2 protein chains.
Amino acid sequence: MMELTRKGEYAVRGIIHLARQPYGTVVLLGEIAEAAEIPQTFLAKIFQNFAKLGFINSYRGTGGGFSLARPAAEITLRQVVEAVEGPIAPNRCVAPAGECVRSATCTVHTVWRQVQLQAQETLDGVTIEELAREESP
Amino acid sequence: MMELTRKGEYAVRGIIHLARQPYGTVVLLGEIAEAAEIPQTFLAKIFQNFAKLGFINSYRGTGGGFSLARPAAEITLRQVVEAVEGPIAPNRCVAPAGECVRSATCTVHTVWRQVQLQAQETLDGVTIEELAREESP
DNA sequence: ACCTTCAAGACCATTTTTATCTTTTTTAGT
DNA sequence: ACTAAAAAAGATAAAAATGGTCTTGAAGGT
Ligand code: SF4
Ligand code: SF4
């Protein structure tokens with residue numbers, strides 16, 4: 001239930017790889033795709049979207065590629081996940097567009113709301129910079 | 001992202017309706033479906049599964065229908081949701097069968113694990129009996 | 001000019017979701 | 001025994017989402 005899609009997983013892996021380079025480094029799409037084991041054309045779509053959203057810069061032509069558009073410490077995991085998967089919502093009624101006629105009185109609604117808030121807080125509390133640091137043990 | 005399917009939503013609504021009757025009451029599938037606004041044939045499939053799992057009893061023939069097989073206070077929301085949607089896992093690597101070669105060293109893995117634990121705890125902490133009580137305000 | 005690299009959009013196979021329909025089995029009541 | 005009621009089981013299927021690929025075009029460097 002409620003699983004991240006490949007797209008979401010690839011997006012996180014891709015941007016973390018970018019964040020592991022010195023800030024400002026321009027990296028080839030192909031290099032990121034290979035290192036993170038992501039189908040290149042699929043990652044291209046994801047990164048095109050990231051560029052539009054201002055997470056990364058893209059450069060065309062020889063010597064082109066992608067670089068972070070702002071420090072990894074200023075990008076949260078929630079922002080990345082929501083960029084590709086849409087708002088975090090364990091049920092329709094807690095999604096932005098999700099109306100349910102029962103929601104005003106529904107006892108289950110509040111539970112989904114709590115699950116949603118917990119997930120949002122957890123993902124908000126982690127930055128790409130933290131995730132990019134190599135693990136210690 | 002990570003949304004409950006109709007099946008999951010129907011399952012919860014259906015069993016709550018059953019839990020609102022006095023314990024042991026046998027209710028027609030059609031009555032539950034109508035009250036909870038669920039396609040009857042779809043709810044039939046869900047309840048067949050619930051019966052197999054021992055949440056409810058089913059009775060065929062005239063005067064048949066469904067009743068809770070154990071008190072609503074002993075059925076948690078997590079049990080109901082996992083019965084229809086499978087284990088709660090925000091990413092493959094925290095699912096029972098989900099192996100990822102990176103999981104041992106992956107910094108993101110621990111975040112998904114935390115989201116998973118929080119959701120599991122929240123849904124574990126709510127019983128169908130609580131949800132079946134009419135809301136107060 | 002020419003090569004490199006990303007952008008954009010069309011395309012497509014597979015899987016999942018969301019059901020419906022039909023046939024069979026069980027049971028209660030007469 | 002017969003009949004009607006009701007769930008069980010399984011086949012079928014439309015629609016949507018997923019997980020990509022392919023082609024063409026545009027921008028930039030040499
Ligand atoms: S949980 Fe309650 S409010 Fe949310 S969709 Fe279900 S019935 Fe509606
Ligand atoms: S979060 Fe880490 S461990 Fe989990 S699937 Fe992604 S790479 Fe693998």
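Owing to the predicted nature of the structure, the values given are computational and were not obtained by experimental measurement. First the proteins, then the strands, lettered A, B, ... as listed; each starts at 1.
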| request: Taking all heavy atoms of A:His17 and all of A:Gln21, pick out the closest pair and write down the distance. | output: O-OE1, 3.3 Å
| field | Nearest atoms (heavy-atom pairs only) where B:Leu29 meets B:Phe47 | value | CD1-CD2, 4.4 Å
Within this structure, what is the [atom1]-to-[atom2] distance between [X] and [N], rounded to whole angstrom?
X: A:Lys52; N: C:dC6; atom1: NZ; atom2: C1'; result: 13 Å
X: B:Tyr59; N: D:dA5; atom1: OH; atom2: C1'; result: 17 Å
X: A:Glu37; N: D:dG20; atom1: CD; atom2: P; result: 13 Å
X: B:Glu31; N: D:dA7; atom1: CD; atom2: C1'; result: 15 Å
X: B:Leu28; N: D:dA4; atom1: CG; atom2: P; result: 18 Å
X: B:Leu4; N: C:dT16; atom1: CG; atom2: C1'; result: 15 Å
X: B:Asn57; N: C:dT27; atom1: CG; atom2: P; result: 13 Å
X: A:Glu3; N: D:dG19; atom1: CD; atom2: C1'; result: 15 Å

| Is B:Arg102 salt-bridged to A:Glu37, cutoff N-O under 4.0 Å? |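 Salt bridge flag = yes for A:Glu37 with B:Arg102.
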| Do any of residues 41-50 of chain B sit with a heavy atom less than 4.0 Å from DNA chain D, and if so which? | B:Lys45, B:Gln48
| query | OP1 or OP2 of D:dG20 sitting under 4.0 Å from any side-chain N/O of A:Tyr10? | reply |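 True: A:Tyr10 side-chain N/O within range (under 4.0 Å) of D:dG20 OP1/OP2.
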| OP1 or OP2 of D:dA17 under 4.0 Å from side-chain N/O of A:Thr5 |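 For A:Thr5, the contact criterion (side-chain N or O under 4.0 Å from OP1 or OP2 of D:dA17) is not met.
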| note | Which of A:Leu123, A:Val126, A:Asp124, A:Leu131 passes side-chain contact (heavy atoms from CB on, under 4.5 Å) with A:Thr76? It is A:Asp124
| query | What is the nucleic acid contact for A:Gly65, judged by heavy atoms within less than 4.0 Å: base, sugar-phosphate only, or nothing? | reply |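 Sugar-phosphate, no base atom in range.
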| Of A:Gly61 and A:Ser58, whose nearest nucleotide on DNA chain C comes first from the 5' end? |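 Per heavy-atom nearest nucleotide, the more 5' residue is A:Gly61.
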| message | Taking the side chain as everything from C-beta on, heavy atoms only, tell me whether B:Glu129 gets closer than 4.5 Å to B:Pro71. | response |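 A side-chain contact is absent here, since even the closest heavy-atom pair is not under 4.5 Å.
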Which of these nucleotides, [options], is closest to any side-chain atom of [X]?
X: B:Thr62; options: C:dC6, C:dA28, C:dT26; result: C:dA28
X: B:Leu29; options: D:dG19, D:dA7, D:dG20; result: D:dA7
X: A:Arg6; options: C:dC6, D:dG19, D:dA7; result: D:dG19

| message | Working note: B:Thr107 + A:Arg133, criterion side-chain contact (heavy atoms from CB on, under 4.5 Å); need CA distance, chi angles, decisive distance, verdict. | response | CA-CA 8 Å; B:Thr107 49; A:Arg133 292 205 290 259; over 6 Å; no
| said: If you count heavy atoms of other groups shown closer than 6.0 angstrom to CD of B:Glu34, is the number above 12? | reply: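 Incorrect, the count does not exceed 12.
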